[in-house]
Student: 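Dropping a structure here in structure tokens format, bear with me for questions.
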Amino acid sequence: MIEIISAIVTTIDILIVYTFLQLRRGRLMIMLWTTILNMLLPLIGFYTGEWVMSYFTGWSHVLSGVLLSLIGLHILLADSEEQSIVEMISPFFLALIVSMDAFAVSVTFGMMQLNKWLFIMASGFFSLVFSSIAFLSTGRLRLINGTFIRRLTGIVFICIGVLSFIF
């Protein structure tokens, strides 16, 4: 269950970023790249996490908790107001930017030995759904508040990180 919640939390930034982009062309290509990268990067991250865990067996839960908490803190402190350069970035790099958090989270999940395929499939599914919603509703959704969702995402990651210390 934590895999699905984390997939939603790590892909919600796609909805925020893509809603504010106001792109007219290249939407399908960005959606496809985002979905592919949100499945490929977690796969690489899981293998990286399993590799790290083999070297830091006694410290894996502490290390994964620290990493998740730091990701959450970074999300809380990040400034998402810079959008001018985003329009000049190619679809691949734009998709890569919004997919990097899935890699970082999957590294810690690999260390915690959670269900790899469930997270990867859920991450791919939600990235496709959120990017579709964002591009189909660009300029129409007033309910999406980027600051609120970013803060909620950061708090959820910090809570997951703290919970990994406990369990």
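Along the sequence shown, residues carry numbers from 1. The model shown is predicted, which means the values in this text are computed figures rather than measured ones.
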Student: Can you name the side chain to side chain contact (heavy atoms under 4.5 Å, CB included) partners of Leu118, sequence neighbours left out?
Tutor: Glu3, Ile4, Asn115
Student: With sequence neighbours excluded, what pairs up with Met29 under the side chain to side chain contact (heavy atoms under 4.5 Å, CB included) test?
Tutor: Trp33, Pro91
Student: Please report the closest heavy-atom contact between Val105 and Thr108, naming both atoms and the distance.
Tutor: O-OG1, 2.6 Å
Student: Taking the side chain from Ser106 and the backbone from Pro42, do they hold a donor-acceptor pair closer than 3.5 Å?
Tutor: yes
Student: With sequence neighbours left out, write down each residue that passes side chain to side chain donor-acceptor pair (under 3.5 Å) with Ser131, or none if nothing qualifies.
Tutor: none
Student: Using every non-hydrogen atom in the two residues, find where Phe126 and Thr11 come nearest and quote the distance to one decimal.
Tutor: CB-OG1, 3.4 Å
Student: Without swapping roles, check the side chain of Ser127 against the backbone of Asn38 for a donor-acceptor pair under 3.5 Å.
Tutor: no
Student: Are Met31 and Ser132 packed together at the side-chain level, in the sense that at least one heavy-atom pair is separated by less than 4.5 angstrom?
Tutor: yes
Student: So if you build clusters from Ile, Leu, Val, Met, Phe, Trp, Tyr with side-chain heavy-atom gaps below 4.5 Å, do Leu43 and Ile36 land together?
Tutor: no
Student: Between Phe119 and Thr10, is a side chain to side chain contact (heavy atoms under 4.5 Å, CB included) present by the stated rule, with each step listed?
Tutor: CA-CA 10 Å; Phe119 179 74; Thr10 57; 4.1 Å; yes
Student: What pairs meet the salt bridge (Lys or Arg N to Asp or Glu O under 4.0 Å) rule with one or both residues in residues 113-124, with sequence neighbours excluded?
Tutor: Glu50-Lys116
Student: Just verifying a value: how many Å separate Ile30 CD1 and Leu37 CG, rounded to the nearest 0.5 Å?
Tutor: 12.0 Å
Student: Quick one: list whatever passes ring pair (Phe, Tyr, Trp, His ring centres under 6.0 Å) with Trp117, sequence neighbours left out.
Tutor: none
Student: Could you list the residues that satisfy side chain to side chain contact (heavy atoms under 4.5 Å, CB included) with Phe125, not counting sequence neighbours?
Tutor: Val129
Student: Quick one: list whatever passes side chain to side chain donor-acceptor pair (under 3.5 Å) with Thr35, sequence neighbours left out.
Tutor: none
Student: Does the side chain of Phe103 reach to within under 4.5 Å of the side chain of Thr48, using non-hydrogen atoms?
Tutor: yes
Student: Checking one residue: Leu28. Which other hydrophobic residues are in its cluster under the side-chain 4.5 Å linking rule?
Tutor: Leu32
